[in-house]
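Naming: A, B, ... by sequence-line order, numbering from 1 per chain. Any value given below was found using the heavy atoms of this structure, including those in side chains, with hydrogens, waters and symmetry copies removed. In this text the structure is predicted, and so the values were computed from the model without any measurement.
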Amino acid sequence: MTPRPADSSTTTDLAILRALRAHPQGHVSGAELAQQLGITRAAIWNRIRELRLHGYDISASPQLGYRLESAPDLLLRDDLLAQLGGTRVVGRDIQVFQQTASTNDIVEKLARDGVREGAVVLAESQTRGRGRLGRKWVSPPGRGLWCSVLLRPRLAPSQATRLTILAAVALARAIRDTTGLEPEIKWPNDLLLRGRKVAGILTEMHAEVEQVRHVILGIGVNVNLEATDLPPELRSVATSLKLELGVAVDRAALLVALLHHLDEGYARLGQGHFDELAAEWADRCGTLGRNVCIRTGSREIRGCAESLDDAGALLVRTEHGHLERIIGGEVTLTR
Amino acid sequence: MQEQGPVRLLLFCLNAAAWAADAIGEFPNPHHAVDLKDIKVIIDLMKKNSLSEFELEKEGFKIKLKRGGASVVSAGVPVDWPVVPAAPPAVAVPAAPAPAVPVPAPKPTDEELIKSPMIGTFYRAPAPDASAYVEVGAEVNPESVVCIIEAMKVMNEIKAEAPGVIVEVIAENGKPVEFGQPLFKIRPA
């Protein structure tokens, strides 16, 4: 174990940003901040100058105090925590990496080391971001939200699909809150806008026979990607929030909304309210009521996607009239 | 690990630092000997102005400093590299700049150092309650992450860059490290 000493500058920045964020229109007095944090006004001023170097536009008026005019398009741990406020579980700790192979890999290490659930790892870029079935996930620097969340749910392994459902609903809500766009969910793990993939969820589970040990929710959102960031072969099937909206989206705001919805949904799940999530999921799901073709391994199932069962599996009425329970596979919509 | 690389780079930086002094008004001590501190000043200036790259080219010489990535310093050295360049007189480099540079003493024949590519805080684990990436005795390959340097509030994974076995953890967890400061001792494979 390598305990990390409390970093006082980080704690101070967190408190300053929290105070500034709490007064979006007004000013925060340096004297009040100093008193509240038990440090000198000069020390506050030093931290303000440091934040300005990160790109925070903080105005200072001798009479009124400090005001946050604008924030940079960066994912900064202290600011994310300040904006998040308190959560029950998800986002209790946040780490931001400049570049990593895959955020799921880092969380996998945290999970093995016994780190408590709720830890969130973000990366500005990933070199080996991956989707389901080992597919590569394009994650260029500074344009997206690539994050992984560690959860230790009290669920049977067969119920773990519920977490993918939770993540899809939370992500759809967060996108709606931040952009006004209403993404459609494609079972089990994609979010689409105008039929093109804008976000994906990769749930990795480690379980014993009767109990899940941990689940890693990997979430990738194409936030501000340009068309040229997408490989040519994906341009007709993938998109980004910016491409759909026409303007750049505040990544920090999107992440904070996502973590809030995940935290709230996770708590509801723990209280036995999966039905609520499933209902919202069904509302947003573009797969239900449609004819689908599902390939699992060498098998191919055709039929109408009828509903979601209690565990989050897809129930498909086949051409032969019986109900098939689908827990994975490649789903394509057919006519 | 290249034997020549770091030393040559340092000499290179010295001259470039002198030129930077010329170019950037607030450079301290421009008419005197330049040393490692002056390189740090450039890096600090980069940090202050949120610059991720610094490049200076003058009369056939070129220095390039990069921050915030795994590969942090690269320098293009022209083939006909002279020790004392035809620099403006104001920034003449003293006859023997080398002694001013804390070049590591001749090291044990079979050990190499993993040095910090940036200024920041050294962490051995990806989170406060996670285990260290490597312990003494750990076998690493060039892609192995050995630690994190936190700079500008962002975690930067540092890789071993060469295969070997970690023989000593030199830097202290949670403490600030300087550019070029040794972090680990490694026995090359």
Counting only heavy atoms not in Arg49(A), do more than 12 fall under 6.0 Å of its CZ? yes
Would you give the length of the straight line joining atom CD of Glu157(B) to atom OG1 of Thr127(A), rounded to the nearest 0.5 angstrom? 8.0 Å
Going by heavy atoms in the side chains, are Gln95(A) and Ile148(B) under 4.5 Å from each other? no
Count the heavy atoms of every other residue, nucleotide or ligand shown that sit under 6.0 Å from CD of Gln211(A), and state whether that count exceeds 12. yes
Quick one: pull up CD in Gln98(A) and CE in Met118(B) and give me the separation to the nearest 0.5 Å. 8.0 Å
Chain B shares the most heavy-atom pairs under 4.5 Å, among Leu74(A), Leu76(A), Asp93(A), Val115(A), with Val115(A)
